[in-house]
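Notes follow once the structure below has been shown.
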Amino acid sequence: MADGIPNFSQARLAMDVQGLNQIKLDNRRDGAEGLRQAAEEFEALFINMMLKSMREAVGDSELFDSHQQRTMMSMYDEQLSRHMATRGIGLADQMVQQLQQTPISATAAPSTMTPEMTNEAKK
């Protein structure tokens, strides 16, 4: 974004199948970048579902209740959720952080079972 003008060359549409294919390619090349993009896509989907639920909770307006209006609002919500996900609400960051953690093996972790629990499990 230069001088307050958004950079539309990097913006993607909500229903961008080529963007999903690009995530697959990026994941093969660089797993961390693919994970980041997939987390951002999930965040956009989550925000879209949240917006959809919010609109349903408000109810329909008699003034603007038509199939065309509902279609336009659905498309607007998809694009708005994509835009909101680029700025982020923190969900993608948390997912990447959680998924990049190395798992602790069961043998390395100290046992939290008491001797009574161990004996009960053997029965």
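All values derive from a computational prediction rather than experimental measurement.
- The side-chain heavy atoms of Gln37 and Glu33, taken from C-beta on, include a pair separated by under 4.5 Å.
- Phe42 and Met49 end up in different hydrophobic clusters when Ile, Leu, Val, Met, Phe, Trp and Tyr side chains are linked at under 4.5 Å.
- Atom-to-atom distance recorded for Ser81:OG and Lys52:NZ is 11.5 Å, nearest 0.5 angstrom.
- Inter-residue side-chain proximity for Thr71 and Met75 is flagged as met; some heavy-atom pair is nearer than 4.5 Å.
- Put simply, Leu51 and Leu91 are part of the same group of oily side chains (I, L, V, M, F, W, Y) that touch within less than 4.5 Å, one to the next.
- Side chain of Glu43 to main chain of Ile89: a donor-acceptor pair is present (N/O by atom type, distance under 3.5 Å, no hydrogens or angles).
- One distance of note links CG of Asp77 with CD1 of Ile47; it measures 11.5 Å at 0.5 Å rounding.
- Between Arg36 and Glu40, at least one side-chain nitrogen of the basic residue sits less than 4.0 Å from a carboxylate oxygen of the acidic one, meeting the salt-bridge criterion.
- Under the 4.5 Å side-chain criterion, counting only non-hydrogen atoms from C-beta, Asn48 is not in contact with Gln79.
- Here the straight-line distance linking atom OG of Ser66 with atom CE of Met73 works out to 11.0 Å at 0.5 Å rounding.
- Atoms CE and CD, from Met95 and Gln98 in turn, are 10.0 Å apart once rounded to the nearest 0.5 Å.
- Met84 is not listed as a side-chain neighbour of Arg87, based on a closest heavy-atom distance of 4.5 Å or more.
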